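Heads up: the structure comes next, in structure tokens.
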Amino acid sequence: MPRTAASSYRSASASNSWLTTALAACVLLTLFRLMALIASPLELGPDEAQYWRWSTSLDWGYFSKPPLIAWAIAATTQVFGDFEWAVRLSAPIVHAVCALFVARTAKDLAGKYAGAPAALLYLTAPGVALSSFIMSTDALLLAAAAIALAATIRLRRRPSLISFITLGLAIGVGLLAKYAMIYTIMGIAIAMLFDKSLRQNLLQPRLALSVLIAAALIGPNLYWNATHSFATFHHTAANANWGAAKFDVHEVGEFLAAQFGVFGPLAFALLPVALLTSGPKHKADQAGDDTSAIST
């Protein structure tokens with residue numbers, strides 16, 4: 001075998017090995033969490049009980065949240081019954097999906113060895129571990145945001161119709177999970193201001209397809225709000241309390257402490273290191289970019 005071919009083969013094999021590690025870790029940890037969820041004696045919290053009640057009467061919107069969480073609960077309880085663990089069943093599964101797309105994005109941005117550690121860091125973060133045992137809109141939102149990010153990075157590298165479709169689906173589903181998905185859209189817009197490749201590859205006629213798909217998905221919820229005095233919008237705005245927002249140095253400290261608890265000590269310590277050392281990945285890392293089965 002020629003040296004270049006052998007080198008490419010070893011690179012692809014190493015990449016696939018790391019991908020297999022990420023997949024295996026996600027599967028094993030998710031199975032453990034599912035078993036723990038089934039064995040847990042914890043009753044539903046007030047919010048979870050409200051979401052379950054919504055799931056018994058499916059609609060395009062509800063007072064405080066968009067409808068995706070009710071749909072997800074209905075899907076699992078219709079199959080397994082109205083047990084506490086069945087209400088929460090979607091949580092660890094969608095976190096596993098999120099971890100896989102985090103791995104895809106990390107691999108695209110930092111090379112073939114970044115995917116598995118990124119997935120493991122995400123899945124073992126204290127905030128994610130806790131969120132895997134309760135049913136909330138956050139897990140659904142994070143999965144949609146991770147898919148949208150992966151599609152955006154793929155579009156930055158090589159525009160394709162499937163990536164534009166995926167981006168539209170992810171944004172639409174994310175908005176149906178939680179209106180905070182708007183921050184993902186804002187993040188992509190801000191990134192385009194500073195990234196010429198992203199701006200050139202995203203701002204093309206096919207982006208209209210992404211917008212149309214997202215609009216088609218969120219449209220019925222907007223109509224529901226319009227016919228229900230914009231109940232969800234008003235509740236979301238009241239929770240955000242934008243009018244009372246102000247800068248307080250003490251709250252900055254509280255925010256950082258909260259992030260330490262969510263990320264965990266290892267990921268929190270690695271974050272500034274990653275920000276300081278991030279840069280274009282080496283050409284050698286690009287060889288295995290397309291060998292992954294996780295694709296948008």
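Predicted, not measured: the structure shown is a model, and the values here were computed from it. When reading the values below, keep in mind they use all heavy atoms of this one structure, side chains included, and skip hydrogens, waters and symmetry mates.
Nearest heavy-atom pair, Leu58 versus Ala74, reported as atom, atom and distance to 0.1 Å: CD2-CB, 3.8 Å. Minimum interatomic distance between Ala146 and Cys98 (heavy atoms only, all atoms of both residues): CB-SG, 3.6 Å. When every heavy atom of Ala114 is checked against every heavy atom of Ala110, the shortest pair comes out as CB-CB, 3.7 Å. When all heavy atoms of Ile134 and Ala91 are compared, the pair lying nearest together is O-CB, 3.3 Å. Nearest heavy-atom pair, Ala70 versus Ser55, reported as atom, atom and distance to 0.1 Å: O-CB, 3.3 Å. Here the closest non-hydrogen pair linking Asn225 and Ala231 is OD1-N, 3.6 Å.
Between the side chain of Thr30 and the backbone N or O of Val27 there is no donor-acceptor pair closer than 3.5 Å. Listed for the Thr236 side chain is a donor-acceptor partner under 3.5 Å among the backbone atoms of Thr232.
Two residues are said to be in side-chain contact when any heavy atoms from C-beta on lie closer than 4.5 Å; Glu84 and Glu48 fail this criterion. At least one side-chain heavy atom of Phe164 sits under 4.5 Å from a side-chain heavy atom of Leu202. With a 4.5 Å cut-off on side-chain heavy atoms, Pro67 and Asn221 count as touching. Residues Leu217 and Leu169 meet the side-chain proximity criterion, which asks for heavy atoms closer than 4.5 Å. You'll find the side chain of Thr137 stays beyond 4.5 Å of the side chain of Leu68, heavy atoms only. In this structure the side chain of Leu121 never reaches within 4.5 angstrom of the side chain of Val102, judged on heavy atoms. Within the 4.5 Å cutoff, the side chain of Leu89 has heavy atoms near those of the Leu34 side chain. Side-chain contact check for Trp71 versus Trp54: every heavy-atom pair is 4.5 Å or farther apart.
Ring geometry for Tyr62 versus Trp224: interplanar angle of 30 to 60°, hence tilted. Tyr122 and His95 have tilted rings, their planes meeting at an angle from 30° to 60° on a 0 to 90° scale. Ring geometry for Phe230 versus His234: interplanar angle over 60°, hence perpendicular rather than tilted (30 to 60°).
Rounding to the nearest 0.5 Å gives a distance of 15.0 Å between CG of Asp47 and CH2 of Trp52. Here the CG atom belonging to Leu198 is positioned 10.0 Å from the CD atom belonging to Gln200, to the nearest 0.5 angstrom. Atom CE of Met181 is separated from atom CG of Leu142 by 10.0 Å, given to the nearest 0.5 angstrom. For the atom pair Ser131 OG and Leu141 CG, the distance stands at 10.0 Å (nearest 0.5 Å). With values rounded to the nearest 0.5 angstrom, Leu100 atom CG is found 11.0 Å from Thr105 atom OG1. In this structure, the separation between CG on Leu140 and NZ on Lys65 is 11.5 Å, given to the nearest 0.5 Å.
Hydrophobic clustering, with ILVMFWY side chains joined whenever heavy atoms are under 4.5 angstrom apart, groups Leu155 together with Val173. Cluster membership check: Tyr223 does not share its hydrophobic cluster with Leu212, using side-chain heavy-atom separations under 4.5 Å among Ile, Leu, Val, Met, Phe, Trp and Tyr. Residues Phe80 and Ile93 are members of one and the same hydrophobic cluster, defined by side-chain heavy-atom contacts under 4.5 angstrom among Ile, Leu, Val, Met, Phe, Trp and Tyr. A continuous path of hydrophobic side-chain contacts links Tyr179 to Tyr51 [ILVMFWY only; heavy atoms under 4.5 Å]. Ile38 and Leu29 are members of different hydrophobic clusters when ILVMFWY side chains are connected at heavy-atom separations under 4.5 Å.
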In sequence, state the C-alpha distance, the side-chain angles, and the governing distance for Leu123 and Cys26, and then conclude on side chain to side chain contact (heavy atoms under 4.5 Å, CB included). CA-CA 8 Å; Leu123 280 178; Cys26 288; 3.5 Å; yes
What verdict does the side chain to side chain contact (heavy atoms under 4.5 Å, CB included) test give for Leu42 and Arg88, after you've listed the backbone C-alpha separation in whole Å, the side-chain angles of each residue and the deciding distance to 0.1 Å? CA-CA 11 Å; Leu42 294 177; Arg88 298 171 174 143; 4.0 Å; yes
Given the rule in the side chain to side chain contact (heavy atoms under 4.5 Å, CB included) test, do Thr77 and Val87 qualify, once you have shown the distances and angles that lead to the verdict? CA-CA 6 Å; Thr77 55; Val87 170; 3.9 Å; yes
Going through the distances and angles, do Met192 and Thr152 end up as a side chain to side chain contact (heavy atoms under 4.5 Å, CB included)? CA-CA 10 Å; Met192 285 195 294; Thr152 301; over 6 Å; no
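Scanning for salt bridge (Lys or Arg N to Asp or Glu O under 4.0 Å) contacts around Arg156 gives Asp195, with sequence neighbours left out. Qualifying ring pair (Phe, Tyr, Trp, His ring centres under 6.0 Å) partners for Phe133, counting only residues two or more places apart in sequence or in other chains: none.
When the shell of 6.0 Å around CD of Gln78 is examined, it contains 12 or fewer heavy atoms from other residues, nucleotides or ligands. Applying the 6.0 Å contact sphere to CZ of Arg199 captures more than 12 heavy atoms from other residues, nucleotides or ligands.
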